[in-house]
There are 2 protein chains.
Amino acid sequence: MNFDLEGKRRNIEKTLAQREDREEVYRALGDLAERMSRSRHDRDAPVREIMARLGDRWSPLILVILETGTYRYAELRRLVCILASEQNISQRMLTLRLRALERDGLVVRTVTPTVPPRTDYALTPLGQELQKLMNMLIGWISSHEADIEAARSRFERQDD
Amino acid sequence: MNFDLEGKRRNIEKTLAQREDREEVYRALGDLAERMSRSRHDRDAPVREIMARLGDRWSPLILVILETGTYRYAELRRLVCILASEQNISQRMLTLRLRALERDGLVVRTVTPTVPPRTDYALTPLGQELQKLMNMLIGWISSHEADIEAARSRFERQDD
DNA sequence: CTGAATCCGTTTTGATACTG
DNA sequence: CAGTATCAAAACGGATTCAG
């Protein structure tokens, strides 16, 4: 049972011929591209999943709030609603987003089985690290808001 | 000037109970929270919009590719499809994402009205700056993939 | 209080065909 | 080549109801 990698690669190259050679593209585009699509190529890959979380409607707000401390479910919900004046987060969504963040190890959920029950949410160390990066990102974007708005109005004008 | 965090939090709870005072929450949660929801509170705010772009299905791939140079429409499409082996990007989606990135000033579109037409896409300086931050983020996430996967299997186990 | 379950509308995305 | 138009599918999000 031999495992001829090189032959395998030639095989791939042949199969995909001139066109779709992934490895070739990786070499051309660098490892960043590879990280985006490596290992599992669907959107469950951690890189894509986390980035999707950071871009969704509620998770960023939740993370920003949890960065400042530990909160109970209802407390957290109130704060999220205030930050997102646009609209209130539904219980359903809050639960879903928290579960997703917990699943990826960014948030811990501590249940105290009293009556009535009490559940506390907080960032894990991993979540805190990520949040630091997020803060840089948010900081950068908000310091370039003017550029972005300018680009937008330029774009709209040219559209007429 | 003392800095009674616990008291501050209790204070928040009280204020919120009566009337949801946004300014109070901003002070408690810091300017990051404010940046997330300031100025325009819907999702058109640059901060939210850009973060949504970075989290969507195609934009990150497009940005990673454009970071390496200037590409024509069809070229770009081919590369995106290779990176996203899961599925091919539709022309429609490619066009929509490129327009959105262009609108926010991250991408320039240069049309040469020959026959057949030629359109080139590239990052703007703003887009390149953002891409640097993105790379840090991608780098961090992919270097913590193991932690995330571990958290996931822990989560699944506990679920049974 | 902290959710889970269900139903349903909206938004986002995709497949396909067509065009200057 | 570089799109647009149209229709269909799927994901997302929300309101409501119920439960431990």
Side-chain angles (χ1 to χ4, degrees), chain A residues 19 42-44 48-49 51-62 66 70-81 84-103 107-122 159, chain B residues 13 16-17 42-44 48-49 51-62 66 70-81 84-103 107-122 155 158-159:
Chain A
R19 289 184 207 157
D42 49 20
R43 281 177 298 169
D44 281 11
R48 302 306 301 277
E49 181 87 359
M51 284 171 50
R53 287 279 83 69
L54 298 187
D56 80 21
R57 186 172 188 173
W58 302 112
S59 306
L61 296 178
I62 294 172
L66 287 183
T70 297
Y71 295 93
R72 298 183 59 176
Y73 184 85
E75 229 175 356
L76 192 51
R77 186 173 179 207
R78 260 205 319 279
L79 290 171
V80 171
C81 290
S85 64
E86 9 156 358
Q87 195 171 4
N88 290 350
I89 186 174
S90 62
Q91 290 187 331
R92 172 184 149 80
M93 278 302 116
L94 181 56
T95 302
L96 283 177
R97 293 293 86 115
L98 285 170
R99 286 292 188 283
L101 294 171
E102 189 192 357
R103 177 174 119 91
V107 160
V108 257
R109 175 163 163 267
T110 314
V111 182
T112 315
T114 53
V115 179
R118 174 195 180 93
T119 313
D120 289 291
Y121 291 92
D159 218 36
Chain B
E13 280 182 73
L16 297 187
D42 48 21
R43 281 178 297 170
D44 281 12
R48 302 306 301 276
E49 181 87 0
M51 283 171 51
R53 286 279 83 69
L54 299 187
D56 81 21
R57 186 173 189 172
W58 302 112
S59 306
L61 296 178
I62 294 171
L66 287 183
T70 297
Y71 295 92
R72 300 181 60 174
Y73 184 87
E75 227 173 358
L76 192 51
R77 184 170 182 212
R78 200 174 56 81
L79 290 172
V80 171
C81 290
S85 62
E86 10 155 358
Q87 194 171 3
N88 290 350
I89 186 173
S90 61
Q91 289 188 328
R92 173 184 152 77
M93 276 302 114
L94 181 56
T95 301
L96 282 177
R97 293 294 83 116
L98 285 170
R99 287 291 190 284
L101 294 170
E102 188 192 358
R103 177 175 120 91
V107 159
V108 257
R109 173 161 164 271
T110 315
V111 182
T112 315
T114 53
V115 179
R118 173 194 181 95
T119 312
D120 288 292
Y121 290 92
F155 185 81
Q158 146 197 105
D159 218 33

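Lettering of chains follows the sequences in order, A, B, ..., and the numbering in each one begins at 1.
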For the helix from C:dC1-D:dG20 to C:dG20-D:dC1, what angle lies between the axis at the first five pairs and the axis at the last five pairs, to 10 degrees?
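Computed angle between terminal axes is 50°.
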Would you check if the side chain of B:Tyr121 reaches a backbone N or O of B:Glu102 as a donor-acceptor pair within less than 3.5 Å?
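A pair under 3.5 Å: no.
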Where the side chain of B:Tyr73 meets the backbone of B:Gln91, is there a donor-acceptor pair that is under 3.5 Å apart?
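Checking the backbone N and O of B:Gln91 against the side chain of B:Tyr73, a donor-acceptor pair under 3.5 Å is found.
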OP1 or OP2 of D:dG14 less than 4.0 angstrom from a side-chain nitrogen or oxygen of A:Trp58, does that happen here?
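Result: yes.
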Need one value for A:Arg97: base, sugar-phosphate or nothing, where a base atom within 4.0 Å counts as base even if backbone is also close, heavy atoms only.
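Sugar-phosphate contact only - A:Arg97 comes under 4.0 Å of backbone atoms but never of a base.
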For atom [atom1] of [X] and atom [atom2] of [N], their distance in whole Å:
{"X": "A:Leu96", "N": "D:dG14", "atom1": "CG", "atom2": "C1'", "result": "11 Å"}
{"X": "B:Met93", "N": "D:dA9", "atom1": "CE", "atom2": "P", "result": "16 Å"}
{"X": "A:Asp56", "N": "D:dC12", "atom1": "CG", "atom2": "C1'", "result": "10 Å"}
{"X": "A:Arg53", "N": "D:dA11", "atom1": "CZ", "atom2": "C1'", "result": "12 Å"}
{"X": "B:Ile89", "N": "C:dA15", "atom1": "CD1", "atom2": "P", "result": "11 Å"}
{"X": "B:Leu94", "N": "C:dA15", "atom1": "CG", "atom2": "C1'", "result": "15 Å"}

Who pairs with B:Arg72 by salt bridge (Lys or Arg N to Asp or Glu O under 4.0 Å), at least two apart in sequence or on another chain?
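So B:Arg72 forms no salt bridge (Lys or Arg N to Asp or Glu O under 4.0 Å) with any residue.
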Taking salt bridge (Lys or Arg N to Asp or Glu O under 4.0 Å) as the test, write out the residues that go with A:Arg77, two or more places apart.
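A:Arg77 satisfies salt bridge (Lys or Arg N to Asp or Glu O under 4.0 Å) with no other residue.
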Applying salt bridge (charged side-chain N to carboxylate O under 4.0 Å, His left out), which residue pairs with at least one partner in residues 92-101 of chain A are found, sequence neighbours left out?
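Checked against salt bridge (charged side-chain N to carboxylate O under 4.0 Å, His left out) - neighbours excluded - the pairs reaching residues 92-101 of chain A are A:Asp56-A:Arg97.
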Contacts of type side chain to side chain donor-acceptor pair (under 3.5 Å), residue B:Thr110, not counting sequence neighbours:
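Partners of B:Thr110 by the side chain to side chain donor-acceptor pair (under 3.5 Å) criterion come out as none, since no residue qualifies.
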Those residues that, when tested against A:Ser90, pass side chain to side chain donor-acceptor pair (under 3.5 Å) (two or more places apart)
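Residues passing side chain to side chain donor-acceptor pair (under 3.5 Å) with A:Ser90: none at all.
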Set of side-chain contact (heavy atoms from CB on, under 4.5 Å) partners for B:Val111, sequence neighbours left out
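side-chain contact (heavy atoms from CB on, under 4.5 Å) list for B:Val111, sorted by chain: B:Arg109, B:Thr119.
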With A:Ala122, which residues qualify under side-chain contact (heavy atoms from CB on, under 4.5 Å), at least two apart?
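So A:Ala122 forms a side-chain contact (heavy atoms from CB on, under 4.5 Å) with A:Thr70, A:Val108.
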Taking N or O atoms only and anything under 3.5 Å, show me the protein contacts with nucleotides 1-6 of chain C, one pair per line.
unit_1: C:dC1; atom_1: O3'; unit_2: A:Arg72; atom_2: NH2; d: 3.2
unit_1: C:dT2; atom_1: OP1; unit_2: A:Arg72; atom_2: NE; d: 3.1
unit_1: C:dT2; atom_1: OP1; unit_2: A:Arg72; atom_2: NH2; d: 3.3
unit_1: C:dT2; atom_1: OP2; unit_2: A:Ala74; atom_2: N; d: 3.0
unit_1: C:dT2; atom_1: O3'; unit_2: A:Thr119; atom_2: OG1; d: 3.1
unit_1: C:dG3; atom_1: OP1; unit_2: A:Arg109; atom_2: NE; d: 3.2
unit_1: C:dG3; atom_1: OP1; unit_2: A:Arg109; atom_2: NH2; d: 2.9
unit_1: C:dG3; atom_1: OP2; unit_2: A:Thr119; atom_2: OG1; d: 3.4
unit_1: C:dG3; atom_1: OP2; unit_2: A:Tyr121; atom_2: OH; d: 2.6
unit_1: C:dG3; atom_1: N7; unit_2: A:Gln91; atom_2: OE1; d: 3.1
unit_1: C:dG3; atom_1: O6; unit_2: A:Gln91; atom_2: OE1; d: 3.4
unit_1: C:dA4; atom_1: OP1; unit_2: A:Arg99; atom_2: NH2; d: 2.7

